[in-house]
Each structure stands twice: as structure tokens, then as C-alpha cells.
K.L.:
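First the structure, then my questions, so here it is.
Here is how names work: the chains are called A, B, and so on, in the same order as the sequence lines, proteins then strands, and each is numbered from 1.
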2 protein chains.
Amino acid sequence: MDDIDRALVLRLQQDAGQSYAALGTAVGLSAGATHERVRKLRERGVIRRTTIDVDPAAVGSGVLAYVMVDSNAWMGESADDFAAIPEIQEAHIIAGSASVLVKVRTASTEQLQDVLRRLYAIDGVSGTHATVVLDSFFERPLPL
Amino acid sequence: MDDIDRALVLRLQQDAGQSYAALGTAVGLSAGATHERVRKLRERGVIRRTTIDVDPAAVGSGVLAYVMVDSNAWMGESADDFAAIPEIQEAHIIAGSASVLVKVRTASTEQLQDVLRRLYAIDGVSGTHATVVLDSFFERPLPL
DNA sequence: CCATCGAACCGAACAGAATTCGGCAAATCT
DNA sequence: AGATTTGCCGAATTCTGTTCGGTTCGATGG
């Protein structure tokens with residue numbers, strides 16, 4: 001993981017569709033060497049996969065909310081219960097008064113309410129506190 | 001935006017590196033037609049870009065935290081101030097007692113503290129409340 | 001100190017994919 | 001109904017991914 005690797009990751013985050021030749025020129029390598037570097041970055045798990053960045057509003061997920069989930073039991077084994085709710089994009093165990101923090105995207109506030117209902121149905125969940133996002137400043141890739 | 005488009009977006013989220021031929025076979029189209037569909041999805045902004053999914057821990061961002069930012073002024077024009085802090089991955093205006101919610105990734109809790117310091121330096125910021133993530137259940141693509 | 005080994009690179013060759021295009025059929029508009 | 005647009009197929013063309021032999025360079029150890 002040297003400077004060249006970091007430069008490659010950075011550039012691939014910005015555009016994973018460019019050719020290895022272009023990528024190589026940008027970092028000062030041949031296409032072949034670039035290909036080999038990227039292959040190893042995948043192998044090591046630094047690069048998990050190549051994907052697309054989708055506009056949430058365009059696919060019916062215009063409402064974004066974060067929900068603090070309170071519980072009266074250990075939630076460490078409940079990952080599957082949260083994963084079973086497709087509108088949940090992220091779920092994390094947190095330190096603090098609440099136990100779990102989830103990121104939810106829905107088409108409407110009515111659907112958000114329905115997600116809250118399904119959250120309450122999870123074993124151990126004793127309460128929720130939803131924070132609706134009014135406007136997103138930005139969502140961007142990791143720093144390097 | 002019909003069922004085929006949705007299927008394409010779904011599959012591209014899972015693997016943006018596959019060939020148009022494979023993608024086409026999966027949805028019942030030729031490579032050429034698939035290419036054209038995807039081109040239009042980009043054109044319409046449904047697909048914003050193709051990128052890579054990077055392991056945060058592998059690039060020195062093993063600590064994840066969400067920070068509620070309180071303010072004593074309208075924060076609607078402060079996007080650039082937040083964007084100037086590279087460790088901030090997301091920033092949103094929210095409804096509720098706090099004004100802004102930011103997602104922060106750092107290499108250590110010391111660096112997290114430093115980010116909080118820089119947040120306080122932003123004009124109008126009157127307080128912060130950080131929630132450290134102990135363990136992430138999952139972070140996944142949008143539902144369709 | 002020098003021989004050996006391995007890692008990383010280059011440049012070229014080959015295989016495979018992206019991209020373009022003519023022709024056709026179905027849907028849409030007039 | 002006629003005209004127009006849209007979306008598709010399949011093949012041709014061009015560009016890219018991927019592989020490979022040969023070379024350099026630094027580390028290893030005899």
C-alpha cells in the first residue's frame with residue numbers, strides 16, 4: 001500500500017470505468033503493471049468490488065432518515081433481523097444511550113413510518129428515534 | 001425506468017465489471033441493446049458514476065462515528081465548510097434538535113477528536129454530540 | 001563481495017469486450 | 001392510415017483487458 005496504490009484507489013473511486021492505460025499514465029505505470037497492481041488490491045480486499053453510484057431519488061428512495069434504535073437486550077446477534085428490512089441501507093452497533101443506528105431510505109414518509117413499525121417488531125427493540133434528513137450537503141468517497 | 005432498467009441497475013450495483021454480453025443475457029437482451037440502456041441510465045443521471053467499494057480499515061479509516069452538530073444559526077449555506085474537512089464522508093441538514101448530521105471516518109479516536117475540534121471552528125456551530133460505531137452490521141446498496 | 005532470488009515493471013501479442021451501425025418490428029403520434 | 005420514433009438484433013470495427021517473456025533492481029545469504 002504505497003503512494004501509487006493510493007493514487008489508483010483514489011482514481012478508481014472517481015471513475016472505475018477508465019482504461020488501465022489511462023490509469024497507468026496518470027500514476028506513471030504501464031497498462032500491464034497497473035492491471036497487476038489493481039488485481040492485488042482486489043486480492044487483498046482493499047478493493048471489495050466495482051459498483052455504480054445510483055441517484056436514490058431516481059429509484060424511488062427520495063426520503064432519507066437516520067433512526068436511533070433503543071433496546072432492552074443485547075442486539076449483537078440481530079444483524080439478520082435488520083438486514084431483512086430492505087429499506088435499511090446501513091445498521092451499526094453504537095456506543096451511547098441507543099444501541100443501534102440505522103440509515104433508512106424510502107419513497108415517502110408513510111413508508112418510513114412502516115419501517116419504524118417493522119423495527120419495533122424486532123426482538124429486543126424497545127424504542128426508536130427517527131431523524132429525517134431535509135437536505136444532503138454531500139455524500140462522497142473515503143478520504144485517502 | 002421499467003423492470004429491465006431496474007434489473008440492470010441492481011446487477012450493476014452488485015458487479016459493475018461484468019460484460020454487457022453477460023448483463024444482457026441476465027435480463028434477456030443483446031449486448032448492443034444492453035449497452036444502449038445503460039448509456040441512457042447514465043445520461044438521465046440514474047447512474048451517477050461507476051466506482052469501487054473500498055475497505056475503510058485498509059486505507060486508514062477504521063473508526064466510524066456519527067456526529068450531531070448543534071448550531072445557533074442557519075447552516076444551509078455551510079456545505080463548503082463541512083466539505084473542507086476530508087474525514088467527513090456525509091453531511092446532511094436534519095429536522096430535529098440538532099441542525100446537521102455528519103458521518104466521519106478516521107484512523108483513530110484521537111483523529112476523531114481533532115475532527116470535532118475542526119467542526120467547532122465552523123461558523124455557527126455551537127455544539128457536537130458524537131456517536132461512535134462499535135461494530136457495523138452491514139452497509140449495502142440501495143433497495144430496488 | 002558476489003551470486004541468487006523474487007518482486008515489479010515494460011512492451012508486445014492475443015483474446016475478448018465495448019461501441020457503432022444498418023435493418024427491422026412494434027409502439028406512438030398526427 | 002401514414003409517418004415517426006423507439007428499441008432491438010446481429011455483425012463489423014476498434015479499443016481494452018489480460019497474459020507473457022525479458023529486464024532491472026533490491027534484498028538475501030553464502
K.L.:
Could you tell me how far apart B:Asp2 (CG) and C:dA27 (P) are, to the nearest whole angstrom?
P.N.:
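From B:Asp2 CG to C:dA27 P: 14 Å.
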K.L.:
For the pair made of CD in A:Glu43 and C1' in C:dA8, what is the distance, rounded to whole Å?
P.N.:
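Checked: the CD to C1' distance equals 15 Å.
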K.L.:
Hey, could you give me the CG/OG1 distance between B:Leu8 and B:Thr34, rounded to the nearest 0.5 Å?
P.N.:
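Between B:Leu8 CG and B:Thr34 OG1, I get 6.0 Å after rounding to 0.5 Å.
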K.L.:
Roughly, in whole Å, what's the span from CD1 in B:Ile4 to C1' in D:dT6?
P.N.:
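Rounded to whole Å, this separation is 14 Å.
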K.L.:
Tell me if a side-chain donor or acceptor on B:Ser78 pairs with a main-chain N or O of B:Asp81 at a distance below 3.5 Å.
P.N.:
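Absent.
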K.L.:
Classify the ring geometry between B:His35 and B:Tyr20 as parallel (under 30°), tilted (30 to 60°) or perpendicular (over 60°).
P.N.:
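It falls in the perpendicular class, over 60°.
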K.L.:
Could you check whether any side-chain heavy atom of A:Lys103 comes within less than 4.5 Å of a side-chain heavy atom of B:Glu139, counting everything from C-beta outward?
P.N.:
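A side-chain contact is absent here, since even the closest heavy-atom pair is not under 4.5 Å.
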K.L.:
Whole angstrom is fine here: how far is it from CZ in A:Arg37 over to P in D:dT18?
P.N.:
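So the CZ-P distance, A:Arg37 to D:dT18, works out to 18 Å.
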K.L.:
To the nearest angstrom, how far is A:Lys40 atom NZ from C:dA8 atom C1'?
P.N.:
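Going from NZ in A:Lys40 over to C1' in C:dA8 covers 7 Å.
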K.L.:
When you check every protein heavy atom under 4.0 Å of nucleotides 12-22 of chain C, what one-letter string (B, S, -) results, 5' to 3'?
P.N.:
-----SSS---
K.L.:
Which heavy atom of B:Val63 sits nearest a heavy atom of B:Ala107, and at what distance?
P.N.:
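Closest approach of B:Val63 to B:Ala107: CG2-O, 3.8 Å.
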K.L.:
Using salt bridge (Lys or Arg N to Asp or Glu O under 4.0 Å) as the criterion, point out the one residue from B:Lys40, B:Arg44, B:Arg39 that pairs with B:Asp5.
P.N.:
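In the set B:Lys40, B:Arg44, B:Arg39, the residue that makes a salt bridge (Lys or Arg N to Asp or Glu O under 4.0 Å) with B:Asp5 is B:Arg44.
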